[in-house]
Number of protein chains: 2
Amino acid sequence: MSMSETPPRSRRRAAPEEAQQTRKEDALMVNSVEKAFRVLSAFGRQHQTLSLSQVASETGMDISSAQRFTHTLNKLGYLRKDAQTKRFELTARTLDLGYHFVRSSRLVDRAMPYLMHLSKETEETINLTVRDGTEIIFVSRFLSRNVLNTDVIIGTRMPVYCTAPGIAMLSRLPEDEAMAVIDASDLKPYTASTVWQRDALREKIRQAAAQGYATAFEEVYLSDASIAAPILDHRGQPEAAVNIAVSCSRYSREEVVSRFSSLVVATAHAVSRI
Amino acid sequence: MSMSETPPRSRRRAAPEEAQQTRKEDALMVNSVEKAFRVLSAFGRQHQTLSLSQVASETGMDISSAQRFTHTLNKLGYLRKDAQTKRFELTARTLDLGYHFVRSSRLVDRAMPYLMHLSKETEETINLTVRDGTEIIFVSRFLSRNVLNTDVIIGTRMPVYCTAPGIAMLSRLPEDEAMAVIDASDLKPYTASTVWQRDALREKIRQAAAQGYATAFEEVYLSDASIAAPILDHRGQPEAAVNIAVSCSRYSREEVVSRFSSLVVATAHAVSRI
DNA sequence: TGATGTTTTATCGCTATGAGATAATTCTTA
DNA sequence: TAAGAATTATCTCATAGCGATAAAACATCA
């Protein structure tokens, strides 16, 4: 048997057994959908525009798939292609999905008037956040005229463990569930003030549970202080949090608590449906 | 031949010729992607939650497809399913796409500091919008402490023809292109003040071209006034618009122009890359 | 309470669809 | 202007996903 003959052009796709596997596991999964989202999320601050081959390498797809999905997303209007440079970029149409979410959210509906009121009363930045696994997502936001942080926008994600809203939400979970979230997190200090050790975090969660609110001082951004309270759904589960964010330069830690704790707790309570 | 025998179970899918047709027309289109988006956009203010069969009827898909796509989107985390009621709702993860867009947009990057400055200077609501066909989309937004309109949020769409940013953008297009947008629009009056007739709109566009800014007084919402200027890209095409929105009760039409026209024009010019 | 209709979930066979290869074309750059 | 790289167009084949339907769970009403 000659070893040198060219092997028959193996028309193999992915790893056949493995594909078979996932297929068996979940016959209802439409994989193309995941790929489409994979392409869209390849874009971001680092990659404002991408060429076809970059899309392929960023997403780990072959050039043909990249071609098919960029074409599809372009047709659907989520991707624009520059005729000159042949590079792709996201379009404003990508805002549609989030728009539908905000418009369909009972939580946002309920919370909005209270958040507005809190914004006017305090003249500080007010946020509504929800939890997605080990992260919080900013869902609604009223900016203060004082500090305009454009790094945080709607859709921004931050770790649960080093944010006041995150801890506030965990504080209304059974402790083992809360610690499971902590344990699933990639714990690390963002600043010198970040509380990131397991034991310290458990203590922080307990304290938040006792007080009804949580605080975070310069844990992610220097000079940012935040105080948050959990919003509970009709069965008492924490479904969101309100927080007030202020600049450390304008208030001491004690002042943040004394001025804002009861306001934020009252707002969270008003939005809750328990 | 008996006519009463049950016809052989016709295993036909869609209309075969037609499917063949579209397939021929666009071999690169991955139709599953469109269907996934169709499911997601079935949700909204009217449909905060949907059951499986509602998804099917809302999207015009059969129950099997609805099942497959809700399952897929649930797995990917864009849809949540209530274990009790078996109803679906959008999750905050749908904000991810829009987040990626905003983060990847050079336009937003460039505009942000100027918008912030304009917001502080005027203390009024400032918007950044882009055009998508016959609509404008709100991309960035700084709310005034005076009027807090929560109907308009990031991702909101409005017709080009009855908004100041829309007319401002058209005013920097060749007139035939501008009128093509008008002609593609579903022209109708939203309020008694809406300018919606073809000729009046052409006149309005010409005036905006001459002045460098466009205005709209109570054309969509009663008591809302708006003044906008176009942002041009490096080849002089209008790629966006800035506008200042105020309450009619606080300023006369003349005051809106005299106080804000040069500010909004200057801001738009600073953001332009011509 | 059982009977009946409705909705959801699970499963299956078939084939149009989309994967992957590659050829043709266009764009770079040296 | 030739070589190389990237993009676009086109083809074939295997299977992913479509559509049907059966089974199960729920709801409704006599």
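We name chains A, B, ... by the order of the sequence lines, and we start the count at 1 in each one.
At whole-Å resolution of the value, CD1 in B/I63 and C1' in C/dT11 are 16 Å apart. Whole-Å rounding puts the B/F69 CZ to C/dT8 C1' distance at 18 Å. Regarding A/M61, its CE atom lies at a distance of 15 Å from the C1' atom of D/dT7, rounded to whole Å. A straight line from CD of B/E34 to P of C/dT17 spans 14 Å, rounded to a whole angstrom. One can place NZ of B/K35 at 12 Å from C1' of D/dA16, the figure rounded to the nearest angstrom. Whole-Å rounding puts the A/M29 CE to D/dA16 P distance at 13 Å. In this structure, A/K75 atom NZ and D/dT8 atom P are separated by 14 Å, rounded to whole Å. Straight-line distance from the CG atom of A/D82 to the P atom of C/dT26: 18 Å, rounded to whole Å.
Using a 4.5 Å heavy-atom cutoff, the side chains of B/L40 and B/L73 are in contact. Contact annotation: the side chain of B/S53 approaches that of B/I63 to within less than 4.5 Å [non-hydrogen atoms, C-beta and beyond].
Picking from D/dG19, C/dT11, C/dT8 the nucleotide with the shortest atom distance to the side chain of A/L28 gives C/dT11. Counting only heavy atoms from C-beta on, A/Q67 has its side chain closest to D/dT10 among D/dG19, D/dT10, C/dT9. Among the nucleotides C/dA10, D/dA6, D/dG19, the one closest to any side-chain atom of B/D62 is D/dG19. Across D/dT7, C/dA10, C/dT8, the shortest atom-to-atom separation from the side chain of A/S51 is found for D/dT7.
When the side-chain nitrogen and oxygen atoms of B/N31 are compared with OP1 and OP2 of C/dG18, one or more of them lie within a distance under 4.0 Å. Checking the phosphate oxygens (OP1, OP2) of C/dG18, a side-chain nitrogen or oxygen of B/S32 falls inside 4.0 Å. The shortest distance between the side-chain N/O atoms of A/S53 and the OP1/OP2 oxygens of D/dA5 is not below 4.0 Å.
The environment of NE2 in B/H269 is sparse: at most 12 heavy-atom neighbours from other residues, nucleotides or ligands sit within 6.0 Å.
Residues passing the salt bridge (Lys or Arg N to Asp or Glu O under 4.0 Å) test with B/D183 are B/R198, sequence neighbours excluded.
Taking for each of A/V33 and A/K81 the nucleotide of DNA chain D with the nearest heavy atom, the 5'-most of the two is the partner of A/K81.
Ring-centre distance between B/F43 and A/Y99: not below the 6.0 Å cut-off.
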Detail all sub-3.5 Å separations between protein N/O atoms and N/O atoms belonging to nucleotides 27-30 of chain C.
none

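The aromatic rings of B/Y161 and B/Y190 sit tilted relative to each other, their planes meeting at an angle between 30° and 60°.
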Can you list the steps and then say if A/R106 with A/E239 is a salt bridge (Lys or Arg N to Asp or Glu O under 4.0 Å)? CA-CA 11 Å; A/R106 296 156 179 284; A/E239 61 168 341; over 6 Å; no
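Counting distance only, with no hydrogens placed and no angle test, the side-chain atoms of A/S64 and the base atoms of C/dA21 include a donor-acceptor pair under 3.5 Å.
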